[in-house]
Amino acid sequence: GLAPGTRRVPLAALGAAQKQEMMGLLQRQLEEQREAARQAQNLVSELRGDMNSQQSSITKLNSATQHLFGEIAQLRQMSSQRGKAAVATLELEQGISERLRAVLSILDR
């Protein structure tokens, strides 16, 4: 409603200058609302851009993480193969040592 002490004046009773002033005021309010709407739209676009950028970063991180997991699996496999190779080498060395000892024992006779 109207503020206390304010009375409603019919538009026809207003003078041309007053009508002009009111139109100017309404025009300014409309422009302010348009500007506020434009700023809100810019903010939405900016936020959308930020979200897309974050989504892109998350995708890159996921990809890098998957790659690392793949490398870790490869390293584990290589490490396990190295372990097996080390055991085989050790067994080979022991076999050679035993044969050398056998040869030496024959020579010692």
Side-chain angles (χ1 to χ4, degrees):
L2 294 169
T6 312
R7 54 193 178 81
R8 206 178 281 276
V9 178
L11 213 51
L14 293 176
Q18 289 172 310
K19 284 182 187 171
Q20 195 69 39
E21 194 181 328
M22 277 182 70
M23 284 299 289
L25 186 66
L26 288 171
Q27 191 66 41
R28 274 195 304 280
Q29 286 178 342
L30 187 62
E31 283 167 15
E32 284 170 12
Q33 286 173 348
R34 276 194 190 129
E35 176 61 19
R38 194 182 61 74
Q39 286 177 359
Q41 190 59 51
N42 286 347
L43 192 59
V44 167
S45 297
E46 212 175 295
L47 287 172
R48 202 170 276 142
D50 287 350
M51 279 171 57
N52 288 341
S53 162
Q54 283 179 346
Q55 191 57 53
S56 165
S57 296
I58 288 169
T59 304
K60 284 177 189 165
L61 271 173
N62 272 340
S63 169
T65 304
Q66 291 305 316
H67 185 68
L68 279 174
F69 275 128
E71 286 190 347
I72 289 169
Q74 263 184 318
L75 281 172
R76 280 199 182 126
Q77 193 179 358
M78 285 166 66
S79 167
S80 147
Q81 287 168 351
R82 267 197 208 113
K84 288 174 189 162
V87 168
T89 305
L90 199 63
E91 287 171 353
L92 201 60
E93 284 173 359
Q94 286 170 344
I96 292 169
S97 294
E98 285 168 20
R99 276 185 244 129
L100 275 174
R101 273 195 290 277
V103 169
L104 286 174
S105 71
I106 292 168
L107 290 175
D108 281 346
R109 281 185 203 154

Would you sort out whether V44 and R48 count as a side chain to side chain contact (heavy atoms under 4.5 Å, CB included), showing the intermediate values? CA-CA 6 Å; V44 167; R48 202 170 276 142; 3.7 Å; yes

Taking T65 for its side chain and L61 for its backbone only, find out whether a donor-acceptor pair lies under 3.5 Å. yes

Inter-residue atom distance M51.CE - S53.OG, 0.5 Å rounding: 11.5 Å

For the CD atom of Q20 and the CD atom of Q27, what is their distance to the nearest 0.5 Å? 10.5 Å

Among all residues two or more places apart in sequence or in another chain, which pass the side chain to side chain donor-acceptor pair (under 3.5 Å) test with E35? R38, Q39

Show your working on side chain to side chain contact (heavy atoms under 4.5 Å, CB included) between R76 and I72 and close with a plain yes or no. CA-CA 6 Å; R76 280 199 182 126; I72 289 169; 4.0 Å; yes

For a quick test of your reading: what N or O donor-acceptor pairs under 3.5 Å do the side chains of residues 78-104 make, sequence neighbours left out?
{"from": "T89", "atom 1": "OG1", "to": "A85", "atom 2": "O", "distance (Å)": "2.7"}
{"from": "S97", "atom 1": "OG", "to": "E93", "atom 2": "O", "distance (Å)": "3.0"}

So how far is it from L30 CG to L25 CG, rounded to the nearest 0.5 Å? 11.5 Å

Starting at OG of S57, measure out to CG of N52 and round the result to the nearest 0.5 Å. 11.0 Å

